[in-house]
Amino acid sequence: MTAAVSRELDAFIDANTARFRDELVDFLRIPSVSARSEHNADTARAAAWLAAECTRIGLATEVVPTPGHPVVLAEWRGAPAGAPTVLVYGHYDVQPAEPIELWTSPPFEPTVRDGKLYARGSVDDKGQLYLHVKAIEAHLAVRGTLPVNLILLAEGEEEVGSDHLADFVQGHAARLTCDCVVISDSSMFAPGQPSLLFALRGLAYLEVTVRGPAQDLHSGSYGGAVVNPAMALARMLATLHDATGRIAIPGFYDAVKEWEPDVRSRIRALPFDERHFLEEVGAAALGGEPGYSTLERLWTRPTCEVNGLLSGYTGEGAKTVLPGVAMAKVSCRLVPDQTPAAIEALILAHLLAAAPPGVTVTVKHLHGGNPWRGEPGGPWFAAAGRALEAAFGKPPVLTGEGGSIPVVGDFQRILGAPVLLMGFGLPGENAHAPDEWISVDNFERGMRAVAAFWDEAARQ
Ligand code: BES
Ligand code: ZN
C-alpha cells in the first residue's frame, strides 16, 4: 500500500506555508558566507538564528563552538522506547554571492518570481535544511510528540570543506549515535521526480602559484629573454589532460573502481534529456572522457578542472607587460577509491615535473573530501521511498551526484549508520551561481515528505 502524508500534518503545513516562507526569507537575509572572514559575525548570527528557531519549536538546542564556524546541535529524545533515532544534517553557511551584478535581485534580499524563491543559500542549503525544521515543528505542534528521536546537526563550514566536522562527529560520537542519517542538500532528478542518491564525488582542491621575475616587467625590454610565468602555467595546465579529454596525470586513475555493468545500465536507462542539459548549461557542445555517457561522466568518473586563473593585465585595453606571477585554482572531483591526499600528491609531482626552468612553483592545499558510495536497499531506503512517493506522487529514482558533501563518508564510517540523501533542489537551480533559487513548491512538498518520513521510519 502506498503511504500517505498524515492528514493533520498536511493541514498544519497548509495553514502555515506563508509563515514558513517568511521565516526562511529571514534566514536567507543573513549573509553567512563561510569563506569570507568579513562575514564571520553574519555566519555566527545565522547559527544563533537557527538555534533560536530550534529552541522555539521545542528542541534542546546548543550552539557548539569549533575551531572554525560553530555547529548547531538540536535534539528531541522523547520518542517511545525502541523507536529509532534519526540524525538530520545540513549546513547554514553559503557560497560567496559574487559576481553580484549578475543577480536579477540582490542575493540577500530574497524575492519570489514565478514560483521560485531567489537568494544565495535558498536551495544550498538553508531552504532544504529549514524544511526539516518545519517538518519537526509540524509533528510537535500537531501531536506534541515525534515518532522518532531526532538529532539535528547544522554546520557552518560545508562550503569551505567541512574541515572541523569529522573531529566534531568523532568527539561527539556517543551523543550522535543514530540509526540513520538524513541529508537534504542535493537535487531531484527532474521536476516532480524525487531522487535518492547512491553516490557523491569527493574533492581535492589546490592553489598553484608560478613565480617568474621578482616583479612585473616591460614586455618589450624583457620579453623573450625572461620566462613568462603565465605562459609557464598555461603549459603546465595543458598537460593535465590528453587530447581525448582523459586526465594525463600519471597514476590518477589507479584507484578508480569501474562501476558494475548493471549499475551503468541503470544509469543509462534514466530518462536523461541531453539536449535540455545542453540548453541549461548554454555551451556550444558537451565534452568529456571518451566511453562514458554524460551522467556516467558526472556521477562515476573523476575530473581535473581549473576553477580560476589570474595573471598579468586584465583591465581595459592593452598593457605590454610580462607578469611576475600567475596563479590557478585547480580542483579534482574524486570517485571511489581515490583519496584527496593521494591525488594531491600526484598533481603536485606532475606539475613540478611539467614546470619549465626559470619559474618556481608552489602548491597550497585548500580543501578536500572523500568520495562516497552508498548501498541502496534496506528498510531505510524503503521508508524514504514511501515518504517521497506520498509527497510527490511518484517513487524516487536512484541517482548519483557530481558534487561533494565531505562529511557523508565520515558519518558512515564513524556512526556506522546508513546515509539517505533526499534532496529537494531541481536542475538549473543555480547553486553557487548568480540567481540561485529553490522551488517554492518543492520547499513545501519536501516538508511533507520529511514529515511523512518520520512516520514511515517509526513504522518499520
Ligand atoms: N549542496 C552541495 C553538494 C552538492 C553539489 C550536491 C551538487 C549535489 C550536487 C554542497 O553544498 C557543496 O556545494 N559542496 C561543495 C563541497 C566542497 C566545498 C568541499 C562542492 O561540491 O563543491
Ligand atoms: Zn554548496
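Both counts, for ligands and for their atoms, begin at 1 and track the order of listing. Note that the structure is a prediction, hence the values are computed from the model and not measured. Note that these values count all heavy atoms, side chains included, but never hydrogens, waters or copies made by symmetry.
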Report summary line: Candidates Asp185, Asp125, Val407; heavy atom nearest atom 1 (N) of ligand 1 found on Asp185
Report summary line: side-chain contact (heavy atoms from CB on, under 4.5 Å) with Ile183: of Asp125, Val408, Val88, only one passes, and it is Val408
Query raised in the report: Any side-chain donor-acceptor pair under 3.5 Å between His432 and Glu159?
Result: yes
Can you find a non-hydrogen atom of [X] under 4.0 Å from ligand 1?
| X | value |
| --- | --- |
| Arg333 | yes |
| Gly161 | yes |
| His432 | yes |
| Pro406 | yes |

List ligand 1 atoms under 4.0 Å from [X], heavy atoms only on the residue side.
| X | result |
| --- | --- |
| Leu203 | 17 (C), 19 (C) |
| His91 | 11 (O) |
| Glu158 | 10 (C), 11 (O), 12 (C), 14 (N), 16 (C), 18 (C) |
| Ile405 | 3 (C) |

Could you find the nearest protein heavy atom to [atom] and give me its residue, atom name and distance?
| atom | value |
| --- | --- |
| atom 14 (N) of ligand 1 | Ser404 O, 2.8 Å |
| atom 8 (C) of ligand 1 | Glu401 CD, 3.3 Å |
| atom 7 (C) of ligand 1 | Gly403 CA, 3.7 Å |

Requested in this report: Using distance alone, decide if ligand 1 has a nitrogen or oxygen within less than 3.5 Å of any nitrogen or oxygen in Ser186.
Outcome: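 Checking ligand 1 against Ser186, no N or O pair falls under 3.5 Å apart.
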Query raised in the report: Does Asp124 reach ligand 1 with a nitrogen or oxygen that is under 3.5 Å from one of the ligand's nitrogen or oxygen atoms?
Result: yes
What I want to find out is whether [X] reaches [Y] closely enough, with some N-O distance under 4.0 Å, to be called a salt bridge.
| X | Y | result |
| --- | --- | --- |
| Glu444 | Arg21 | yes |
| Arg297 | Glu289 | no |
| Glu296 | Arg268 | yes |
| Arg301 | Glu258 | yes |
| Arg373 | Glu260 | yes |
| Glu137 | Arg56 | yes |

**Report entry** Ring centre gap for Tyr292 and Trp259 strictly below 6.0 Å
**Finding:**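 No - the distance between ring centres of Tyr292 and Trp259 does not fall below the 6.0 Å cut-off.
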Query raised in the report: Is the charged tip of Arg266 near the ring of Phe198: under 6.0 Å from the six-membered ring centre and within 45° of its axis?
Result: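 No, cation not above the ring by the 6.0 Å, 45° rule.
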Query raised in the report: Quick check: does Asp124 put an N/O/S atom under 2.8 Å from the Zn ion (ligand 2)?
Result: yes
Query raised in the report: How many degrees, to 10°, between His432 NE2 and Glu159 OE1 as seen from the Zn ion (ligand 2)?
Result: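 His432 NE2 and Glu159 OE1 form an angle of 80° at the Zn ion (ligand 2).
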